[in-house]
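In what follows, a structure is listed as structure tokens, so that the remarks can point back to it.
Per chain, numbering begins at 1; letters A, B, ... match sequence-line order.
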There are 2 protein chains.
Amino acid sequence: MRDYIGFLQGNNLKATFQRISILKSIDKHGHMNIDEIYDDVKEQNPTLSLATIYKNIILMQENNILVEVPIVNKKSKYEIRKSKHIHYICLNCASIEDYEISFDEQVSSLNLPHKEGFEVTDTQINLYGYCSKCH
Amino acid sequence: MRDYIGFLQGNNLKATFQRISILKSIDKHGHMNIDEIYDDVKEQNPTLSLATIYKNIILMQENNILVEVPIVNKKSKYEIRKSKHIHYICLNCASIEDYEISFDEQVSSLNLPHKEGFEVTDTQINLYGYCSKCH
DNA sequence: ATCCTTGCAAATGATTTGCAAGAGT
DNA sequence: ACTCTTGCAAATCATTTGCAAGGAT
């Protein structure tokens, strides 16, 4: 179990139960979109509002606690920032699995020509297909 | 200049000037979001409606003429389906440059372990950073 | 002539905002 | 105590839909 309170206070964000619930929910499930977070978190805290989730997702992205994972034809999901990895995304059930591979490994293995003047600072690699349950 | 009429008729879609304008606009600029297409296309056809753009973007995706490019924290862009490539996306000006590299090359160069039971059918590789104009 | 497509306006859905009350430090 | 955060309701923005008129084949 991660130190959610530390994540928050380290960024001068108060450790409210709403924020901790959101982080716990995302961490438990790996990758979630706004509605999934809302549904999950409401079970424990029925009064927690959607607006609070929106505000905090934005805030936590700005503070590098969360990362957005945009997905073709679906609403974006969010994950806790963690060691560099790529995503296997199921086209059927939209589940996401991670595979850890460092930034340097990703960039170098792609074997790209140095694109003149373009400075790469981050990568986003998604492999779409069908997970073991869906094919 | 591509054969937009052929793309459309090949999919049993009528070659209206609205559809041709949309395709020309996307092709000319490479990657565009809905609003950019609307603004661009309105210059030649002031009556062309936003609803028509939405309807056609969906239709052309279903017919594999267009491909969605989802982007962190921005509205998705769309491009003409063409040979396999990856994207260099500028975090400052959101411009996108293509680099051609085949599906097989992408998958094999990533040097992934065979993820049990996951069948990869498509890839999405975006390299974020700063383009030559923006750093 | 027929059927598909468009443009409009309305409906719906998603996200953001302002502000008074409440919670965290 | 002080300040930040929440929840609500309203506002705004994005997307979809129904339908009559117009356009493509």
Query raised in the report: Does A:F7 belong to the same Ile/Leu/Val/Met/Phe/Trp/Tyr cluster as A:I53, with side-chain heavy atoms less than 4.5 Å apart forming each link?
Result: yes

From the list A:D104, A:D122, A:D98, side-chain hydrogen bond (donor to acceptor under 3.5 Å, both in side chains) partner of A:K84 resolves to A:D122

*Under 4.0 angstrom between B:K75 side-chain N/O and D:dT15 OP1 or OP2*: yes

Checklist line | B:T52 vs C:dT6: side-chain N/O to OP1/OP2 distance below 4.0 Å | finding: no

Picking from C:dT5, C:dT25, D:dT17, the nucleotide nearest the side-chain atoms of A:K14 would be C:dT25

Can you find a side chain N or O atom of A:Q9 that sits less than 4.0 Å from OP1 or OP2 on C:dT25? yes

Here the distance between atom C1' of C:dT6 and atom NZ of B:K42, to the nearest Å, is 16 Å

When rounded to whole Å, the CD1 to P distance for the pair B:I57 and C:dT6 reads 12 Å

Note to self: If the cut-off is 4.0 Å, is A:N56 near the phosphate of D:dT6, judged by side-chain N/O to OP1 or OP2?
What the structure shows: yes

Closest to the 5' end of DNA chain C, once A:K55 and A:I34 are matched to their nearest nucleotides, is A:I34

Whole-Å distance, A:N12 CG to D:dC2 P, equals 20 Å

When rounded to whole Å, the OH to P distance for the pair B:Y38 and D:dT15 reads 14 Å

Regarding the side chain of A:T16, the nearest nucleotide among C:dT25, C:dG24, D:dA14 is C:dG24

When rounded to whole Å, the CG to P distance for the pair B:L50 and C:dA10 reads 16 Å

_Whether A:T47 contacts D:dG7 is assessed here as follows: a side-chain N or O lying under 4.0 Å from the phosphate OP1 or OP2. Is that the case?_
yes

- Message: When you measure from the side-chain N and O atoms of A:R19 to the phosphate of C:dG24, is any distance below 4.0 Å, counting only OP1 and OP2?
- Response: no

note: B:D35, atom CG; D:dT12, atom P; distance rounded to Å ~ 18 Å

query: For the ring pair A:H31 and A:H29, is the centre-to-centre distance below 6.0 Å?
result: no

note: B:N33, atom CG; D:dC13, atom P; distance rounded to Å ~ 16 Å

Task: Flag, side chain of A:E79 to backbone of A:M32, donor-acceptor distance under 3.5 Å - done: no

### Task
Using modelled atom types only, decide if a donor and an acceptor are shared between the side chain of A:S109 and the backbone of B:S109 within a distance under 3.5 Å.
yes

Note to self: Is B:Q18 close enough to C:dG7 that one of its side-chain N or O atoms is under 4.0 Å from OP1 or OP2 there?
What the structure shows: yes

